[in-house]
Amino acid sequence: MAASEGQVIQEFGTVKQFPVALSYDARMYSCQRLNKTLADTQILYSLYKKHHWLLRGATFYQLHLLLDKHAEQQLELVDTIAERVQTLGGVAVGDPRHVAEITSIPRPPDGVEEVPAMLSRLLEAHETILADAHDAAARTAELGDDGTNDLLVSQVIRTGELQAWFLAEHLVDTPLVRS
């Protein structure tokens, strides 16, 4: 039995009016930027889970736990970003196939990479999201969308910067201490 299709009551890429004291243009712009961030964040979450599962080597245990913690934090961001889009009257990108069309995070190989390559891939994804979030935060501030600006700065950027720091420190060669 085939699933019946329901009537689409709001198209993706549109915003309906909500009494949030923001102009249509501000809400439309914020929803577009947030959906891009949402798609990239969903991909970053998936990368964290993939690498969490496929890790190997001497640092397996500590990285396994770290990547899982970061994945959980990214999943919280996914929900927060999606709720902001909905709050502004937009439609949050939710289908993984639609996310794949919107994201700018490159697809990783299907197989298992070496740990430094996995960490570098995560760092590159963070940098992509951070660069976009900084730009979007500045523009949403200009448009008077303090809620979106706050979300981007206090949650997306701060979480991303902290996670990038933790990952980058795993790629630094630590010299041996000699007596």
**Q** To the nearest 0.5 Å, what is the distance between CG on Leu151 and OG1 on Thr37?
**A** 8.5 Å
**Q** Please round to the nearest 0.5 Å and tell me the distance separating atom NE2 of His170 and atom CG of Leu123.
**A** 10.5 Å
**Q** For Ile9, which fellow cluster members are found when Ile, Leu, Val, Met, Phe, Trp and Tyr are connected by side-chain heavy-atom distances below 4.5 angstrom, either directly or through intermediates?
**A** none
**Q** Once rounded to the nearest 0.5 Å, what's the spacing between atom CG of Leu67 and atom CG of Leu119?
**A** 6.5 Å
**Q** How long is the gap from CG on Leu122 to NE2 on His70, to the nearest 0.5 Å?
**A** 9.5 Å
**Q** Output all residues satisfying side-chain hydrogen bond (donor to acceptor under 3.5 Å, both in side chains) with Asp25, sequence neighbours left out; order by chain, then residue number.
**A** none
**Q** In terms of hydrophobic clusters joined by side-chain contacts under 4.5 Å, are Phe166 and Val156 together?
**A** yes
**Q** When you group the ILVMFWY residues by side-chain heavy-atom contacts below 4.5 Å and let the links chain together, are Leu66 and Leu162 in the same group?
**A** yes
**Q** What about Leu167 and Ile157, same hydrophobic cluster or not, with Ile/Leu/Val/Met/Phe/Trp/Tyr joined at side-chain heavy-atom distances under 4.5 Å?
**A** no
**Q** For the residue pair Leu44 and Thr128, establish whether any side-chain heavy-atom pair is separated by less than 4.5 Å.
**A** no
**Q** If you define the side chain from C-beta out and look only at heavy atoms, does anything of Val91 sit under 4.5 Å from Val85?
**A** no
**Q** Only one of Thr148, Asp132, Thr140 forms a side chain to side chain donor-acceptor pair (under 3.5 Å) with Arg33, so which one is it?
**A** Asp132
**Q** Could you pull out all residues at least two apart from Glu113 that satisfy salt bridge (Lys or Arg N to Asp or Glu O under 4.0 Å)?
**A** Arg121
**Q** Let me check something: do Ile102 and Leu38 share a hydrophobic cluster, defined by ILVMFWY side-chain heavy atoms less than 4.5 Å apart, either directly or through other members?
**A** yes
**Q** Partners of Glu142 by salt bridge (Lys or Arg N to Asp or Glu O under 4.0 Å), sequence neighbours excluded?
**A** Arg139
**Q** Could I get the full list of salt bridge (Lys or Arg N to Asp or Glu O under 4.0 Å) partners for Asp95, not counting sequence neighbours?
**A** Arg97
**Q** Tell me if a side-chain donor or acceptor on Gln10 pairs with a main-chain N or O of Thr14 at a distance below 3.5 Å.
**A** yes
**Q** Under 4.0 Å between a side-chain nitrogen and a carboxylate oxygen: does that hold for Arg27 and Asp145?
**A** no
**Q** Checking Lys36 now: which residues fulfil salt bridge (Lys or Arg N to Asp or Glu O under 4.0 Å) with it, not counting sequence neighbours?
**A** Asp40
**Q** Which residues pass the side-chain hydrogen bond (donor to acceptor under 3.5 Å, both in side chains) test with Thr159, sequence neighbours left out?
**A** none
**Q** Side chains of residues 51-61: which donor-acceptor pairs under 3.5 Å do they make with residues two or more places apart or in other chains?
**A**
from, atom 1, to, atom 2, distance (Å)
His52, ND1, His64, O, 2.8
His52, ND1, His64, ND1, 3.4

**Q** Would you compute the distance between atom CE of Met118 and atom CG of Leu171 and round it to the nearest 0.5 angstrom?
**A** 12.5 Å
**Q** Who are the side-chain contact (heavy atoms from CB on, under 4.5 Å) partners of Pro96, not counting sequence neighbours?
**A** none
**Q** Taking it one step at a time, do Ile81 and Asn35 satisfy side chain to side chain contact (heavy atoms under 4.5 Å, CB included)?
**A** CA-CA 8 Å; Ile81 297 164; Asn35 267 319; over 6 Å; no
**Q** Do Thr103 side-chain atoms and Val99 backbone N/O form a donor-acceptor pair below 3.5 Å?
**A** no
**Q** When clusters are formed from ILVMFWY side-chain contacts under 4.5 Å, directly or step by step, what else is grouped with Val8?
**A** none
**Q** Does the pair Glu161 and Trp165 meet the rule for a side chain to side chain contact (heavy atoms under 4.5 Å, CB included), with working shown?
**A** CA-CA 6 Å; Glu161 288 174 344; Trp165 170 48; over 6 Å; no
**Q** Measure the spacing between CZ of Arg84 and OG of Ser30 and express it to the nearest 0.5 Å.
**A** 7.0 Å
**Q** Within a strict 4.5 Å, meaning less than it, do heavy atoms of the Leu152 and Leu34 side chains meet?
**A** yes
**Q** Indicate the atoms forming the closest heavy-atom contact of Gly144 with Leu22, along with that distance.
**A** O-CD2, 3.4 Å
**Q** Ala125 and Leu47: which non-hydrogen atoms are nearest, and at how many Å?
**A** CB-CD1, 4.2 Å
**Q** Excluding sequence neighbours, so at least two apart, what forms ring pair (Phe, Tyr, Trp, His ring centres under 6.0 Å) with Phe18?
**A** none
**Q** What pairs of residues pass the ring pair (Phe, Tyr, Trp, His ring centres under 6.0 Å) test when at least one of them lies in residues 98-145, not counting sequence neighbours?
**A** Phe12-His98, Tyr48-His126
**Q** Does Lys50 use its side chain to pair, donor to acceptor, with the backbone of Asp110 at less than 3.5 Å?
**A** yes
**Q** Give a yes or no on whether the backbone of Val93 and the side-chain of Gln42 come within a donor-acceptor separation of less than 3.5 Å.
**A** yes
**Q** Give me the one residue out of Lys69, Arg158, Gln74 that meets side chain to side chain donor-acceptor pair (under 3.5 Å) with Gln163.
**A** Gln74
